[in-house]
Amino acid sequence: MIVGLGMTALGKVYDRTPADFAADAVRRAVADAGLQLADVDGLLTSSGVTGGISVDLQRDLGVADLRLLSHLQSYGATAATMVQVAALAVASGAASVVACVFADSPLRPGTSAGAAYGTRAGSPVGWWGLLGASGVVGTNPLYALAARRHMARFGTTTEQFGHIAVAQRGWAALNPDAQQRQPITLADHQSSRWIAEPLRLLDCCLVSNGGIAVIVTTAERAGGLPQPPVHVLGWAQSHPGHYLRRHPDFGLVTGAAMAGPAALGMAGVALTDVDVVQLYDCYTFTVLVTLEDYGFCGKGEGGPFVASGVLGPDGKLRLNTGGGQLSGYYLWGMTPVAEAIIQARGQGGERQADRHDIVLVSGNGGVLDHHATLVLGSAAGAS
Amino acid sequence: MTVGPVARDAATARFFDGTAAGQFLLRRCPAGHFSEPPAVACTTCASAELGWAPAAGGATLVSWTVVWGRSSSDAGPERTVLVIGELDEGPWWWSQLAGADPASLAVGQRLRIEFRRGTDDHEAVPVFALA
Ligand SMILES: [Zn+2]
């Protein structure tokens with residue numbers, strides 16, 4: 001179960017390396033768990049667009065004789081995958097206290113969010129160079145092509161994407177850690193500039209610096225620790241394997257369609273048992289298609305569903321309650337994982353969901369190429 | 001519409017020989033299945049014995065996006081139309097669409113492959129145009 005959560009300062013925090021954020025996050029998570037660094041015998045690391053994190057983090061932390069140490073990468077699916085691997089490790093006895101960490105530091109003073117993510121280092125060579133020479137640079141156009149396909153097939157609209165952006169900003173207003181807290185309207189969304197049609201600026205996630213770590217341990221070890229334990233009840237992954245290749249489901253059905261039901265099945269709960277949902281939201285569209293694939297609405301009905309008033313603090317679906325990556329902060333898969341832990345513990349303050357026994361979490365990497373689902377539970381949810 | 005510079009490496013040398021000659025080369029396995037040019041195993045039967053075979057050049061529109069640059073002149077931001085084209089042989093390809101009004105695009109429209117160069121000393125890059 002998850003007994004520790006450590007979050008560094010997030011957002012426009014400059015002049016710190018990813019490795020520095022990562023070490024800081026692990027120390028905070030260990031302290032939050034009421035443990036000592038010397039208790040950690042497993043370490044899983046992951047890095048973002050700026051890299052800079054590796055198994056060398058062990059040396060930075062000064063922890064000796066680890067029994068589990070590895071660097072993982074399935075992009076936005078990594079955070080949920082690390083929790084899964086850590087849960088397997090403690091269940092098998094391979095390790096007893098596993099720290100999982102992600103950190104990134106793409107923002108520099110004076111550079112735009114787009115510049116932080118849109119460029120490609122080195123001279124253009126080979127297949128990767130050909131893609132760039134063709135004009136396909138960064139993930140924005142690739143997700144735009146996915147979203148357009150959904151629109152063309154199902155009649156989904158930019159206004160429907162806007163409902164997701166507005167709702168999440170409403171949640172962010174209640175989250176002191178969120179980067180963007182001023183309310184927005186559907187009109188604001190519709191007048192925000194195009195990035196890659198049909199995606200507007202307010203359809204795209206933020207860019208953030210920072211680090212987040214979680215501590216996973218056994219039920220026995222969790223007894224007597226200070227934080228309400230968060231049980232890892234179910235997990236699953238799905239990796240369709242068609243990146244930049246013919247894929248009839250591209251933009252229409254994602255790995256969530258397999259991973260979601262599998263994780264819920266492992267947890268022994270139904271979708272109707274889920275109290276809080278934290279979905280990976282690199283773009284508004286990603287939320288919409290994941291809601292469909294998890295079964296919150298029928299395939300192709302995501303647009304009308306998100307526009308029906310179910311979202312936001314006044315809606316009945318407790319979705320991306322910290323503002324997500326669109327309005328909260330962008331630390332890849334750790335954004336939904338961290339908010340899920342906060343909600344399951346009941347520590348969400350103004351944004352806390354009344355019922356928080358079962359929390360469904362998604363991670364998504366590549367261009368809908370890697371999906372990882374977690375089902376987390378409070379003590380009541382696990383019983 | 002402009003394409004950028006790109007240089008060949010060992011993996012792309014044969015493909016760029018093709019684009020220089022006005023051909024879009026696909027990979028083809030002994031069973032006759034076509035795969036996209038970067039494939040190293042057949043996407044249908046997983047055979048690793050792939051040869052090269054030219055595409056006929058026809059395609060249909062799978063999806064499209066208009067990428068907006070930052071405003072840098074009085075003419076407003078530069079806009080680039082990018083598409084996924086499904087080649088008539090089956091594989092998909094991602095590139096620019098030349099000379100089309102994005103407001104008129106629809107899934108299933110007929111496309112054809114053309115070739116452009118960033119500069120004379122760079123490789124020819126496949127792009128799509130409306131057929
Ligand atoms: Zn074959």
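Lettering of chains follows the sequences in order, A, B, ..., and the numbering in each one begins at 1.
- A pairwise comparison of heavy atoms in A/Pro124 and B/Pro5 identifies CG-O, 3.0 Å as the closest pair.
- At least one side-chain heavy atom of A/Leu130 sits less than 4.5 Å from a side-chain heavy atom of B/Pro126.
- To the nearest 0.5 angstrom, A/Arg148 atom CZ is 12.0 Å from B/Leu82 atom CG.
- Enclosure of atom CZ in B/Phe24 by more than 12 non-hydrogen atoms of other residues, nucleotides or ligands within 6.0 angstrom is indicated.
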Handout entry: Intermediate values then yes/no, side-chain contact (heavy atoms from CB on, under 4.5 Å), A/Glu197 and B/Trp64
Key = CA-CA 8 Å; A/Glu197 297 179 33; B/Trp64 71 97; over 6 Å; no
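- Looking at every heavy atom in both residues, B/Val6 comes nearest to A/Gly126 through CG2-O, 3.9 Å.
- In the displayed structure, A/Lys299 atom NZ is contacted under 6.0 Å by more than 12 heavy atoms of other residues, nucleotides or ligands.
- Between chain B and the residues A/Pro141, A/Ala147, A/Ala146, the most heavy-atom pairs under 4.5 angstrom are made by A/Pro141.
- Contacts from residues 149-165 of chain A to chain B, taken as heavy-atom pairs separated by less than 4.5 Å, involve A/Arg149, A/Ala152 in sequence order.
- For the set B/Val62, B/Val107, B/Leu87, the entry with the most heavy-atom pairs within less than 4.5 Å of chain A is B/Val62.
- Contact of B/Glu86 with chain A is made through the side chain alone, with heavy-atom distances under 4.5 Å.
- At a threshold of 4.5 Å between non-hydrogen side-chain atoms, the residues A/Arg246 and B/Thr43 do not count as touching.
- In this structure, chain B has heavy atoms under 4.5 Å from both the backbone and the side chain of A/Leu244.
- Here B/Ile84 is the residue among B/Val81, B/Ile84, B/Val83 with the most heavy-atom pairs under 4.5 Å with chain A.
- Interface remark: of the candidates B/Pro91, B/Gly90, B/Ala39, B/Gly90 forms the most heavy-atom pairs closer than 4.5 Å to chain A.
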Practice task
Using the side-chain contact (heavy atoms from CB on, under 4.5 Å) rule, take B/Trp94 and A/Leu145 through it: C-alpha gap first, then chi angles, then the decisive distance, then the call.
Solution key: CA-CA 10 Å; B/Trp94 282 249; A/Leu145 289 163; 3.7 Å; yes
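- Minimum heavy-atom separation, A/Ala144 to B/Thr65: CB-OG1, 3.3 Å.
- More than 12 heavy atoms of other residues, nucleotides or ligands sit less than 6.0 Å from atom CD of A/Gln182.
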